[in-house]
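Everything numeric here is computed off the predicted structure, so don't read it as measured data. Chain A is the first sequence line, chain B the second, and so forth, proteins listed ahead of strands; every chain is numbered from 1.
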Amino acid sequence: MKILVAVKRVVDHAVRVRVRPDGSGVETENVRMSMNPFDKNAVEAAVQLGEAGHADEIVVVSIGPRQSNDVILTALAMGAHRGILIEADGRVETLAVAKLLRAVVDEEKPDLVLLGKQAVDDDSNQVGQMLAGLLDWPQATFASEIKVVGGGLEVTREVDYGRATIGVALPAIVTADLRLNTPRNAALPMVMKARSKPLAVRPVAEFGIDVAPRLKVEKVSPPAERPGGRKLGSVDELAAAIKSELSELEAL
Amino acid sequence: MAVLVLAEHDLGKLSASTARIVAAAERLGPVHLLVAGQGVAEVAAEAARIAGVEKVLVADSPALAELTAEAVAKLLAELAEPYGHIVAASASTGRDAIPRLAAKLDVMPVTDVIAIHGPNRFDRPIYAGNAIETIASGEPKHLLTIRASAFRPAQSGNNAPISAVGPDVAAVAKFIAAHRTESELPELSTAQIVVAGGVSFGSAERFALVEDLARTLGAAVGATRAAVDAGYAPNDWQVGQTGKIIAPDLYIGIGISGALQHLAGIQGARKIVAINKDPEAPLMKIADIALVGDLFEVVPQLIAGLKR
Ligand SMILES: Cc1cc2nc3c(=O)[nH]c(=O)nc-3n(C[C@H](O)[C@H](O)[C@H](O)COP(=O)(O)OP(=O)(O)OC[C@H]3O[C@@H](n4cnc5c(N)ncnc54)[C@H](O)[C@@H]3O)c2cc1C
Ligand SMILES: Nc1ncnc2c1ncn2[C@@H]1O[C@H](COP(=O)(O)O)[C@@H](O)[C@H]1O
């Protein structure tokens, strides 16, 4: 099968972001950026399907500024074959991302599209489901296991009550959860090789899709601070403190 | 215009989160509460008792038994026309179906709403809760998922009329198996008290200490991602950016460092208690009450002390 993987360049998950004092957003200047963690799981899943003989071509696509080349190169170093960067500056909302991905699906005709379950910058958790809706394909979100069975997939999903296993026919959309796999760190030779793999850069305007934001971000504020409290000296004090909390709760 | 709210239920019972999202949605207009599933007559009867519900709609069909995204989105799309807002809880079903529906209706949704400022102005957290975005939407219809733990539940005592809607839906994905975590402890996402443990417990057997303490307190159990990854706790106990977001009155975190992804899940907690051998752990610094100590000594003593 042919697999398309969507990867996003985001502020590195280990960075604690700061809200700009004027409330216009979070500080992204001079902040470490990397591939969205869940998208690494999605790339890894695609590469593993390739290694198991189920996939013959893996195409990665990213929508964002020029620098998003970096995350495409990371995916190519992990084992993807070809990259597409749809160059767009500024905020591109999830619905527009999904529409651009649909346009790529129409061109590339993959059997499977793998995405991360959520981007850790906007925490939207939307694009995979939207793409499935636009294409009218089945969706298997929050995947922690993917098996190829017959002509389709059996996907185990992380849900509120535990896990659920579903069967989906191809073509389908799958979004990756963190427990799907452990993404590999590409060895240096693979990183070198990635630079010679094809990477097409295409301006967003080429797609003729309206990407103007529909939601207005009025302001971005920091969350309420938690000032910290008291340190206790013994377990007995802790038991007493918890008991007094409990009686307060009963009073509520 | 009325608001269509998708009820949360499981195993034939209405989930506690439903009363919370009804309370939130009531600020947007009269609430029509949709109960979708198979054999959900009793759930619908429960739903009719929630204060503020104008009417209950029941979509009962084998195709809705597992509430797959395809079927739920199609059902909501059929019912969508007269509604100004379509609302679901920010939980498995809503997260899966609302964005799919949004794409079908060509509407930009707002997910994980934690505050409502008006019919089209909402707050939602970004960057693992390290920033809060205030959004104004100009969309003709508003599709929302709401974080139930951010809202107080509606009262009960209503007797809203119940009517059936005949859905023309078919299940697309084939449901193969449910792997349920069996536990007699309260439901994590709406529990009043939560006891959570980290990877430092070292084994599933020793993680049972967390459950012992939870049982003593009538609390739900939570875990860090590291503890879940290590196999000490089931995935549905994970608290954080990518697990459950909780807002208990009392949260007790044991042997948990307090990584920002974990803190994202407990920002709404009223009181935080932390037990850690490292006084510099981030969770210890934000805790209302902190005790430095070895959890293997502290927790058994604490259980004994609480029983006294
Ligand atoms: C994209 C992404 C999403 C994530 N989502 C989540 C999420 O939703 N939820 C989540 O929890 N994590 C999440 N994580 C992981 C997170 O970054 C941390 O790795 C994780 O929370 C750490 O778990 P921990 O506190 O159990 O372990 P550690 O960070 O290893 O901390 C262990 C703590 O135990 C203490 N300790 C050790 N022994 C003892 C003892 N005997 N007595 C007392 N204290 C002791 C140590 O001092 C330390 O503070 C995510 C990570 C990423 C990249
Ligand atoms: N700008 C983008 N370019 C490529 N893929 C994206 C982009 N935004 C989101 N995605 C994909 O969609 C997933 C879910 O993102 P979101 O719905 O924004 O949380 C991500 O994990 C990516 O796989």
4.5 Å side-chain heavy-atom contact, B/L302 and A/I242: yes

Please round to the nearest 0.5 Å and tell me the distance separating atom CZ of A/R163 and atom CZ of B/R180. 12.5 Å

Side-chain heavy atoms of B/T242 within contact of A/K117, under 4.5 Å: yes

Contacting moiety of B/R225, where chain A heavy atoms sit under 4.5 Å: both

When you compare the side chains of B/R95 and A/Q118, does any donor N or O come within less than 3.5 Å of an acceptor on the partner? no

Under a 4.5 Å cut-off applied to non-hydrogen side-chain atoms, are B/T93 and A/D160 in contact? no

Go through the atoms of B/E187 and report whether side chain, backbone, both or neither lie under 4.5 Å from a heavy atom of chain A. neither

Leading residue by heavy atom contact count with chain B [cutoff under 4.5 Å; candidates A/M130, A/E93, A/R179, A/K99]: A/R179

Minimal heavy-atom distance between A/L249 and B/R270, with the atoms involved, is CD2-NH2, 3.5 Å

Heavy-atom pairs under 4.5 Å with chain B - which of A/V11, A/T175, A/T156, A/L178 has more of them than the others? A/L178

To check you understand the geometry: which heavy-atom pair defines the closest contact between A/A241 and B/I289, and what is its length? CB-CD1, 4.0 Å

Non-hydrogen side-chain atoms of A/L246 and B/I193 separated by less than 4.5 Å: yes

Kindly indicate whether the side chain of B/I98, heavy atoms from C-beta on, has any atom under 4.5 Å from the side chain of A/Q129. no

Can you say whether B/V299 sits under 4.5 Å from chain A via the side chain, the backbone, both, or neither, judging by heavy atoms? neither

Look only at the side chain of A/Q139 and the backbone of B/E70, and say whether a donor-acceptor pair between them is shorter than 3.5 Å. no

Does the side chain of B/L306 come within less than 4.5 Å of A/K243's, by heavy atoms? yes

Heavy-atom cut-off 4.5 Å, strictly under: side chain, backbone, both or neither for B/D106 against chain A? both

Side-chain donor/acceptor of A/K216 to backbone N/O of B/G138, under 3.5 Å: no

Chain B: which of A/A240, A/G162, A/S234 shares the most heavy-atom pairs with it under 4.5 Å? A/G162

Salt-bridge test for B/K104 and A/D136: reply yes if a basic N is under 4.0 Å from a carboxylate O, no otherwise. yes

At their closest point, which heavy atom of B/P99 faces which heavy atom of A/Q126, and how far apart are they? CB-O, 3.6 Å

So for B/V298, is it side chain, backbone, both, or neither that comes closer than 4.5 Å to the heavy atoms of chain A? both

A/V127, part contacting chain B, at a heavy-atom distance under 4.5 Å: neither

Measure the shortest side-chain to side-chain distance between A/V220 and B/I132 over non-hydrogen atoms and say whether it is less than 4.5 angstrom. no

At a 4.5 Å cut-off on heavy atoms, which part of B/L217 comes close to chain A: side chain, backbone, both, or neither? side chain

Can you say whether B/I252 sits under 4.5 Å from chain A via the side chain, the backbone, both, or neither, judging by heavy atoms? side chain

Where does A/D236 contact chain B at under 4.5 Å (heavy atoms): side chain, backbone, both or neither? side chain

Please tabulate, for side-chain N and O atoms in residues 275-286 of chain B, each donor-acceptor pair with protein atoms closer than 3.5 Å (sequence neighbours left out).
| from | atom 1 | to | atom 2 | distance (Å) |
| --- | --- | --- | --- | --- |
| B/N276 | OD1 | B/D278 | N | 2.8 |
| B/N276 | ND2 | B/I256 | O | 3.2 |
| B/D278 | OD1 | B/E280 | N | 2.8 |
| B/E280 | OE1 | B/K285 | NZ | 3.0 |

Is B/D10 close to chain A through its backbone or its side chain, or both, or neither, when contacts mean heavy atoms under 4.5 Å? side chain

Once rounded to the nearest 0.5 Å, what's the spacing between atom OG of B/S92 and atom OH of A/Y161? 8.5 Å

Answer yes or no: is there a side-chain heavy-atom contact under 4.5 Å between B/Y127 and A/V120? no

